[in-house]
Amino acid sequence: MAAPDHLFNLRNHFYLGAYQSAINNSDIPNLPQDDAVERDCLVYRSYIALGSYQLVINEIDDSAATPLQAVKLLALYLANPENKELTISSLKEWLADPAIGNNCTLRWIAGVVFMHEEDYNEALKHTNAGGTMELHALNVQIFLKMHRSDYAEKQLRVMQQSDEDHTLTQLANAWLNLSVGGSKIQEAYLIFQDFSEKYPMTGLILNGKAVCCMHMGNFDEAETLLLEALNKDAKDPETLANLIVCSLHLGKSSSRYLNQLKLSHPHHMLVKRASSAEENFERAIQSVA
């Protein structure tokens with residue numbers, strides 16, 4: 001018989017975006033050492049997802065295990081964009097260290113950081129070998145960012161062969177279906193609908209369903225779902241970005257959502273694109289003035 005997976009529920013909370021629930025339900029007694037480290041990593045990653053970077057930086061000291069040190073690096077990277085070169089330099093040093101460089105959590109953090117930097121080839125250097133469901137799921141995300149749904153599909157097949165019912169396998173399947181589009185959108189919607197029936201509703205699930213609705217032209221339903229997500233987290237960047245797109249399709253003003261996104265997430269892709277468009281528009285006006 002396989003040993004019981006004490007962290008199954010905690011992982012599911014985290015994967016589906018129920019970060020506060022993950023933190024609140026993390027007090028699991030008598031965990032083996034490796035499980036305790038993984039539990040702590042999930043808790044601190046939940047705090048990072050909630051934007052509590054400084055708490056993570058303060059609580060993880062230099063004596064902590066390698067996976068926790070890697071999580072602290074992610075917090076440092078996100079908390080101090082102006083000093084990110086220093087954090088990336090430290091990350092590269094650790095990855096080059098033969099004693100710890102192959103640690104799965106460290107490689108996952110490297111993938112996330114380099115994906116943020118839009119250096120997808122560098123990200124894949126550290127994630128492509130896989131080894132965990134999280135690394136495979138991250139590979140799917142990276143390949144989709146590179147517009148290589150063919151490679152993303154190969155990663156998904158590996159995940160399906162390992163555990164077809166795993167939450168990350170289902171999520172990766174939904175991401176790929178959304179990327180491929182067409183008849184696959186309905187399949188993606190059903191995956192998010194299944195999650196919403198099995199688990200407490202989260203912003204991640206609501207956004208997933210809303211994006212499917214927008215792809216299918218159901219913008220009124222999408223707006224309802226996104227406003228529900230906004231009630232759960234008024235600063236969530238994906239909710240705000242999706243509301244901007246949805247509002248434009250409904251012929252409604254999106255300026256409030258864009259202003260909120262600019263204030264809370266000034267480096268978001270949509271903010272950068274909007275700023276670039278505004279600058280190009282100003283230049284065009286000046287050239288004919």
Side-chain angles (χ1 to χ4, degrees), residues 3-61 64-79 103-109 111-113 115-116 132-138 140-141 159 163 165-172 174-175 191-192 194-209 228-239 264-265:
D5 185 354
H6 301 291
L7 299 179
F8 177 83
N9 288 329
L10 181 58
R11 283 195 210 96
N12 259 6
H13 283 311
F14 178 76
Y15 296 151
L16 292 171
Y19 303 118
Q20 195 60 54
S21 292
I23 294 164
N24 294 348
N25 294 285
S26 62
D27 187 14
I28 306 166
N30 305 319
L31 284 176
Q33 178 63 24
D34 286 351
D35 284 354
V37 170
E38 186 184 350
R39 183 266 317 273
D40 292 346
C41 284
L42 288 165
V43 168
Y44 284 124
R45 284 166 62 191
S46 296
Y47 277 117
I48 289 172
L50 293 170
S52 300
Y53 309 133
Q54 201 57 49
L55 180 145
V56 176
I57 294 164
N58 292 345
E59 289 199 5
I60 299 177
D61 61 33
T66 298
L68 286 163
Q69 295 285 356
V71 172
K72 182 176 181 177
L73 264 187
L74 179 60
L76 285 164
Y77 170 80
L78 294 170
N103 179 273
C104 289
T105 303
L106 180 60
R107 289 195 292 125
W108 184 87
I109 296 294
V112 170
V113 168
M115 191 167 73
H116 267 277
T132 67
M133 293 298 269
E134 283 203 52
L135 282 165
H136 289 304
L138 186 56
V140 171
Q141 286 186 312
M159 296 175 76
D163 185 351
D165 296 324
H166 195 288
T167 299
L168 286 178
T169 306
Q170 294 298 311
L171 278 173
W175 301 332
I191 290 171
F192 288 115
D194 187 49
F195 281 143
S196 69
E197 291 169 3
K198 285 182 180 174
Y199 303 106
M201 195 69 85
T202 65
L204 184 147
I205 296 170
L206 287 162
N207 271 276
K209 290 177 73 173
E228 187 181 341
L230 198 67
N231 280 334
K232 292 180 180 293
D233 181 357
K235 292 183 178 179
D236 178 64
E238 299 317 309
T239 303
S264 56
H265 298 276

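Remember, predicted model here, so these are calculated numbers, not experimental data.
Closest approach of H265 to P237, counting heavy atoms only: NE2-CD, 3.3 Å. Residues K209 and S196 share a closest heavy-atom pair of NZ-OG, 3.8 Å. Counting all heavy atoms, side chain and backbone alike, L206 lies closest to M201 at CG-CG, 3.5 Å. In this structure, I23 and V43 approach most closely via the heavy-atom pair CG1-O, 4.1 Å. Across all non-hydrogen atoms, the minimal contact from P67 to N103 is CG-ND2, 3.7 Å.
Note that CZ of R107 is 7.0 Å distant from OG1 of T132, once rounded to the nearest 0.5 Å. For the atom pair T239 OG1 and E228 CD, the distance stands at 10.5 Å (nearest 0.5 Å). Expressed to the nearest 0.5 Å, how far CZ of F14 lies from SG of C41 amounts to 10.0 Å. Annotation: the span from D163 atom CG to M133 atom CE amounts to 5.0 Å, rounded to 0.5 Å. Distance OH/Y15 to NE2/H166: 5.0 Å, rounded to 0.5 Å. Expressed to the nearest 0.5 Å, how far CD1 of I57 lies from OH of Y44 amounts to 12.0 Å.
No side-chain heavy atom of N9 sits under 4.5 Å from any side-chain heavy atom of N25. The closest side-chain heavy-atom distance from E38 to L31 is not below 4.5 Å. Considering only heavy atoms from C-beta on, I28 stays 4.5 Å or farther from D35 through its side chain. Using a 4.5 Å heavy-atom threshold, the side chains of L7 and D5 count as touching. Inter-residue side-chain proximity for V140 and M159 is flagged as met; some heavy-atom pair is nearer than 4.5 Å.
Using a distance-only test at 3.5 Å, with no hydrogens or angles considered, no donor-acceptor pair links the side chain of S21 to the main chain of H13. At least one donor-acceptor pair under 3.5 Å links the side chain of K72 to the backbone N or O of I60. Formation of a donor-acceptor pair under 3.5 Å by the S46 side chain with backbone atoms of L42 is found in this model.
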Residues V112, M115; criterion side-chain contact (heavy atoms from CB on, under 4.5 Å); working and verdict: CA-CA 5 Å; V112 170; M115 191 167 73; 5.6 Å; no

Verdict with supporting geometry, L204 and L171, side-chain contact (heavy atoms from CB on, under 4.5 Å): CA-CA 10 Å; L204 184 147; L171 278 173; 3.9 Å; yes

Stepwise side-chain contact (heavy atoms from CB on, under 4.5 Å) check, T167 with Y199: CA-CA 11 Å; T167 299; Y199 303 106; 4.3 Å; yes

Criterion side-chain contact (heavy atoms from CB on, under 4.5 Å) on V37 and T105, from CA distance to verdict: CA-CA 11 Å; V37 170; T105 303; over 6 Å; no

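Under a 4.0 Å N-O distance rule, the pair E134/R45 qualifies as a salt bridge.
Open room surrounds CG on N30; 12 or fewer heavy atoms of other groups in view lie less than 6.0 Å from it.
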